[in-house]
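One structure is given below, encoded as structure tokens.
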Amino acid sequence: MGYCVTTAKGAAETLKLNMAIILLPVCRNTITWLRSTRAARALPFDDNINFHKTIAAAIVVGIILHAGNHLVCDFPRLIKSSDEKYAPLGQYFGEIKPTYFTLVKGVEGITGVIMVVCMIIAFTLATRWFRRSLVKLPRPFDKLTGFNAFWYSHHLFIIVYIALIVHGECLYLIHVWYRRTTWMYLSVPVCLYVGERILRFFRSGSYSVRLLKVAIYPGNVLTLQMSKPPTFRYKSGQYMFVQCPAVSPFEWHPFSITSAPGDDYLSIHVRQLGDWTRELKRVFAAACEPPAGGKSGLLRADETTKKTLPKLLIDGPYGSPAQDYSKYDVLLLVGLGIGATPFISILKDLLNNIIKMEEEEDASTDLYPPIGRNKPHVDLGTLMTITSRPKKILKTTNAYFYWVTREQGSFDWFKGVMNEIADLDQRNIIEMHNYLTSVYEEGDARSALITMLQALNHAKNGVDIVSGTKVRTHFARPNWRKVLSKISSKHPYAKIGVFYCGAPVLAQELSKLCHEFNGKCTTKFEFHKEHF
């Protein structure tokens with residue numbers, strides 16, 4: 001068999017390792033816990049999905065080398081060998097020289113074919129073209145595109161792992177049990193993954209939520225506000241999985257939590273982007289009623305709605321890059337369209353912290369006795385009370401929020417939050433910028449009239465006519481180089497966290513700009529991109 005069998009066996013060892021570690025990036029509970037440990041300083045947990053894809057690519061290479069060398073190299077060499085050369089191998093393959101078909105139809109061959117077929121299906125439907133329905137297929141083959149096809153085909157991994165263990169135990173050349181090492185590679189990761197799935201199953205059943213409010217906004221965005229279970233504790237920027245049995249009893253989908261940890265409810269914003277979200281919107285739209293006068297949103301429903309609202313199950317929370325925002329001096333939050341959702345929770349949390357700090361300062365001021373001619377000293381008991389109270393120190397001094405969208409109706413999604421921040425942020429800690437890309441940039445003659453009307457209305461009434469909020473709307477796309485330059489000059493020697501959620505193209509631009517500015521100024525930019 002020569003180099004054929006050694007190459008195949010070497011590739012098999014890489015496959016064992018990769019099939020073991022490919023499960024680790026999708027053990028979300030474990031990764032969420034590891035984020036809070038020192039391991040987060042060395043390991044890029046933010047890129048767990050990219051790591052998962054990289055290992056999948058390595059598995060493809062391993063399969064080609066392993067299966068290819070067996071099928072086209074060492075099997076043909078074996079069956080064409082002379083009786084004299086074959087004689088020593090009789091103890092492994094039988095006294096009678098096997099045919100090619102005999103080798104393929106054995107347990108090793110059948111399990112290998114099963115694994116390859118399942119992986120081809122799963123890998124193909126997981127590609128961007130199929131998962132995002134970029135490939136248009138005629139009926140009934142159109143069911144092979146979309147998230148549903150990706151999600152269900154990925155569960156073929158159960159068959160793959162069963163076949164892999166059987167394949168690893170029925171080897172032609174190795175009969176000693178402790179040299180059959182496949183189970184040794186897989187035991188810990190598989191047990192960890194199975195444990196996580198069991199935990200998710202029981203935890204989702206224990207989180208009983210009650211829908212409080214439903215609203216459907218322009219741009220096909222569904223807002224769900226629900227009661228918060230007492231044991232559900234999360235950080236701003238984290239996400240949770242949601243299941244709607246009326247849509248699918250099996251599928252779980254991740255959504256950023258848009259409520260703040262201090263709120264007494266949970267909320268998510270769902271944009272219609274695929275088959276599952278389209279069906280979810282249809283189910284809730286059927287239970288909604290036309291909006292009352294003065295309320296935004298096309299359709300609304302709450303606890304007073306006559307129709308029964310669909311049931312929801314939740315699981316989480318799970319970690320994301322944005323949850324560590326509090327360790328930075330300054331924040332730059334960039335959201336494209338529905339990509340603003342992870343940062344709404346951060347802005348609300350920052351606002352709540354600002355209000356708490358002001359309340360604590362006011363309370364401390366009230367405790368100080370008046371010092372004057374009549375009372376020139378401070379009471380010791382009062383002094384002890386003041387100094388013993390722990391003061392919350394907010395490391396983040398400023399936050400800059402840039403929301404870029406194409407549709408004017410998108411500004412309705414978070415109108416209430418933006419107005420609240422504009423009213424209560426007296427220290428100007430949070431600076432918000434809305435950008436509407438469907439209008440020509442400011443200074444262009446084609447947008448001069450709307451710019452003039454916008455400026456007049458904002459100066460007179462304090463309300464932007466484009467967004468309907470107190471936040472001024474700019475036109476076209478931001479000049480990111482100018483944005484970073486302005487922030488770096490305003491905050492020298494500061495550690496700035498740049499958090500982005502949206503299309504990959506802008507992520508590359510922002511990452512390059514952060515690297516460029518780190519090399520030529522005293523401000524340190526750290527770029528993070530949201531992955532689901």
Side-chain angles (χ1 to χ4, degrees), residues 24-52 232-241 254-263 266 268 316-336 339-354 356-357 392-403 421 429-432 484 487-488 491 493-502 506-507 510-511 513-515 517-518 523-532:
L24 299 179
V26 290
C27 292
R28 298 177 186 270
N29 287 291
T30 304
I31 289 178
T32 300
W33 171 72
L34 287 172
R35 282 177 180 275
S36 61
T37 66
R38 292 184 179 180
R41 301 177 184 176
L43 298 175
F45 293 120
D46 295 348
D47 283 332
N48 60 320
I49 299 301
N50 284 336
F51 181 69
H52 181 76
F232 192 93
R233 295 181 179 87
Y234 65 98
K235 298 178 181 178
S236 291
Q238 291 186 330
Y239 66 96
M240 65 182 180
F241 278 85
F255 296 99
S256 296
I257 304 172
T258 52
S259 54
D263 294 336
L266 292 172
I268 59 171
Y318 292 100
S320 70
Q323 74 176 54
D324 298 322
Y325 79 90
S326 58
K327 70 179 185 181
Y328 293 99
D329 304 316
V330 180
L331 301 179
L332 173 58
L333 310 174
V334 181
L336 265 60
T341 51
F343 309 128
I344 294 301
S345 177
I346 292 176
L347 293 176
K348 293 173 74 174
D349 193 35
L350 271 174
L351 182 63
N352 291 341
N353 288 332
I354 293 167
K356 282 182 182 178
M357 284 179 62
K392 187 172 183 179
I393 299 173
L394 189 64
K395 182 176 181 180
T396 305
T397 58
N398 290 90
Y400 299 87
F401 175 54
Y402 284 79
W403 186 14
I421 292 171
I429 290 177
I430 301 172
E431 188 176 301
M432 296 180 291
L484 266 68
I487 294 174
S488 63
H491 304 280
Y493 303 101
K495 186 179 180 183
I496 300 177
V498 181
F499 297 94
Y500 171 75
C501 186
L506 182 54
L510 288 173
S511 180
L513 284 172
C514 289
H515 182 73
F517 275 88
N518 285 341
T523 306
K524 184 181 180 183
F525 291 92
E526 290 188 10
F527 178 75
H528 302 276
K529 182 183 183 301
E530 295 287 331
H531 296 280
F532 290 105

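Just so you know, these numbers come straight off a predicted model, no measurement behind them.
F517 has its side chain out of reach of T523: every pair of non-hydrogen atoms, C-beta onward, lies at least 4.5 Å apart. The shortest distance between side-chain heavy atoms of D349 and Y325 falls below 4.5 Å. The shortest side-chain heavy-atom distance between D329 and H491 does not fall under the 4.5 Å cut-off. Using a 4.5 Å heavy-atom threshold, the side chains of F401 and F343 count as touching. By the 4.5 Å heavy-atom criterion applied to side chains, L336 and C501 are not counted as neighbours. The shortest distance between side-chain heavy atoms of R28 and F241 falls below 4.5 Å. Taking the side chain as every heavy atom from C-beta outward, Y328 and I496 never approach each other to under 4.5 Å. Looking at S488 and F525, their side chains come closer than 4.5 Å, going by heavy atoms from C-beta outward.
A cation-pi geometry, defined here as NZ or CZ lying under 6.0 Å from the six-membered ring centre and within 45° of its normal, does not hold between K529 and Y500.
For the pair T258 (side chain) and T341 (backbone), a donor-acceptor distance under 3.5 Å is absent. Checked by atom type and distance alone, the side chain of T37 pairs as donor or acceptor with a backbone atom of L34 at under 3.5 Å. The main-chain N or O of P44 is never found under 3.5 Å from a side-chain atom of D47 such that the two would form a donor-acceptor pair.
Side-chain contact annotation: S259 with Y234, donor-acceptor N/O pair under 3.5 Å present. Looking only at atom types and distance, the side chain of Q238 has no donor-acceptor partner in the side chain of Y318 under 3.5 Å away.
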Let me see the working for F255 and I257 under side chain to side chain contact (heavy atoms under 4.5 Å, CB included), right down to the final yes or no. CA-CA 6 Å; F255 296 99; I257 304 172; over 6 Å; no
Could you please spell out the steps behind the side chain to side chain contact (heavy atoms under 4.5 Å, CB included) verdict for W403 and I344? CA-CA 10 Å; W403 186 14; I344 294 301; over 6 Å; no
Checking side chain to side chain contact (heavy atoms under 4.5 Å, CB included) for the pair M240/F232: CA distance, chi angles, key distance, verdict? CA-CA 10 Å; M240 65 182 180; F232 192 93; 3.9 Å; yes
Intermediate values then yes/no, side chain to side chain contact (heavy atoms under 4.5 Å, CB included), S256 and I268: CA-CA 6 Å; S256 296; I268 59 171; over 6 Å; no
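The two residues C514 and F527 have their closest heavy-atom pair at SG-CB, 4.1 Å. V330 approaches I487 most closely through the heavy-atom pair CG1-CG2, 4.4 Å. Of all heavy-atom pairs spanning A322 and G237, the tightest one is CB-CA, 4.0 Å. When all heavy atoms are compared, the tightest approach of A260 to N352 is CB-ND2, 3.6 Å. The two residues Y239 and G319 make their nearest non-hydrogen contact at CE2-O, 3.2 Å.
In this structure, I31 CD1 and W33 CH2 are separated by 12.0 Å, a value rounded to the nearest 0.5 Å. Between atom CG of residue L332 and atom CG of residue N398 there is a gap of 12.0 Å, rounded to the nearest 0.5 Å. Separating the CD1 atom in I430 from the CE atom in M432 is a distance of 7.0 Å, to the nearest 0.5 Å. The CD atom of E526 sits 5.0 Å away from atom NE2 of H528, with the distance rounded to the nearest 0.5 Å. Atom CG of L333 sits about 6.0 Å away from atom CG of L347, to the nearest 0.5 Å. Summarising the geometry, atom CG belonging to N48 is positioned 11.5 Å from atom OG1 belonging to T30; distances are rounded to the nearest 0.5 Å.
Legend: residues meeting side-chain hydrogen bond (donor to acceptor under 3.5 Å, both in side chains) with S511, ordered by chain and number and at least two apart, are absent.
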